[in-house]
Amino acid sequence: MIKQDYIERLIQQIAQLLAILLTKQSPSDSLEFIDENYDTWLGISRREIAALNENELLERLTGAAKLNIHHLEFLAYLLGEEGKVYFGQAD
């Protein structure tokens, strides 16, 4: 039951993220919201992620942060949305 509650909460957060990103906010507002989700769900900021090389990032995500597959999937989603914002395709 606890795992189900966690997954439901994660799904709700993703839905909220989509809703906010779909409102065509300014890129800075969208990036700020994405950054809040990095911190809230993953315990790492997008600036920290950008500063790490691939080996450091892998160690940070799988070592100290102890992220599970759901966290890593959410990270991939956030990175994709961040890329869309930077390329002006957020929709």
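Just so we're clear, the structure is a prediction, and the values are computed from it rather than from any experiment. Sequential numbering from 1 along the given sequence is applied to the chain's residues.
Between Glu73 and Tyr77 the shortest side-chain heavy-atom distance does not fall below 4.5 Å.
Considering only residues two or more places apart in sequence or on other chains, Asn53 meets the side chain to side chain contact (heavy atoms under 4.5 Å, CB included) condition with Asn55, Glu56. Residues forming a side chain to side chain donor-acceptor pair (under 3.5 Å) with Asp35 (at least two apart in sequence, or on another chain): Arg47. In this view, Ser28 and Ser26 satisfy the side chain to side chain donor-acceptor pair (under 3.5 Å) rule, not counting sequence neighbours. In this view, Glu48 and Arg60 satisfy the salt bridge (Lys or Arg N to Asp or Glu O under 4.0 Å) rule, not counting sequence neighbours.
Atom-to-atom distance recorded for Arg46:CZ and Glu36:CD is 10.5 Å, nearest 0.5 angstrom. Within the model, atoms CG of Asn37 and CD1 of Ile34 stand 8.0 Å from one another, a figure rounded to the nearest 0.5 Å. In this structure, CD in Glu82 is found 10.5 Å from CZ in Phe87, a value given to the nearest 0.5 Å.
Ile44 approaches Tyr38 most closely through the heavy-atom pair O-CB, 3.0 Å.
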